[in-house]
Amino acid sequence: MLFAIYGGYWALTDGVSRAWIADLTPPELAGTPLGFYQGIVGVCVLIAGIWAGLAWDGSGRLPLIISGAVAGLVEIGLLFGRRLDPPAPPASSR
């Protein structure tokens with residue numbers, strides 16, 4: 001039943017995204033952005049399938065450990081990546 005729902009969702013939404021991409025590009029170049037979009041979708045579906053397989057196999061801890069490590073690295077990057085310059089003092093009004 002869930003596969004039928006997912007298939008229906010995919011059938012209803014996939015054409016909308018393709019039409020939107022086709023509307024945004026010139027007609028003579030429509031194939032390149034559509035192919036790029038489908039390539040990105042294919043890579044993302046492959047990664048999601050591998051991720052789900054890692055979660056399903058064994059204890060399922062590996063995806064959680066990797067997600068936690070990546071989130072920690074992103075947090076460190078955001079913490080040290082912000083501007084360290086002090087804000088400019090307000091202009092004095094005389």
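Only a predicted model underlies this, so the values are computations on that prediction, with no experimental measurement involved.
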Please tell me if the side chains of I21 and F36 come closer than 4.5 Å, counting only heavy atoms from C-beta onward. no
Y6, V41: one ILVMFWY side-chain cluster at the under-4.5 Å cut-off? yes
Any residue meeting side chain to side chain donor-acceptor pair (under 3.5 Å) with S67, in chain and number order, not counting sequence neighbours: none
Indicate, with yes or no, if L34 and V45 share a hydrophobic cluster defined by side-chain heavy-atom contacts under 4.5 Å among Ile, Leu, Val, Met, Phe, Trp and Tyr. yes
Which heavy atom of A55 sits nearest a heavy atom of P63, and at what distance? N-CG, 3.5 Å
Group every Ile, Leu, Val, Met, Phe, Trp and Tyr by side-chain heavy-atom contacts under 4.5 Å, then state whether V74 and I66 land in the same group. yes
For residues 16-26, which residue pairs pass the side-chain hydrogen bond (donor to acceptor under 3.5 Å, both in side chains) check, not counting sequence neighbours? D14-R18, S17-Y37, R18-Q38
In terms of hydrophobic clusters joined by side-chain contacts under 4.5 Å, are V70 and L54 together? yes
Do L62 and L46 sit in one hydrophobic cluster, given that two such residues count as connected whenever their side-chain heavy atoms are within less than 4.5 Å of each other, even indirectly? yes
Nearest 0.5 Å please: distance from the CG atom of L64 over to the OG atom of S59. 8.5 Å
Take atom CD in E28; do more than 12 heavy atoms of anything else shown fall under 6.0 Å from it? yes
Please collect all salt bridge (charged side-chain N to carboxylate O under 4.0 Å, His left out) contacts where either partner lies in residues 31-56, sequence neighbours excluded, each pair once. none
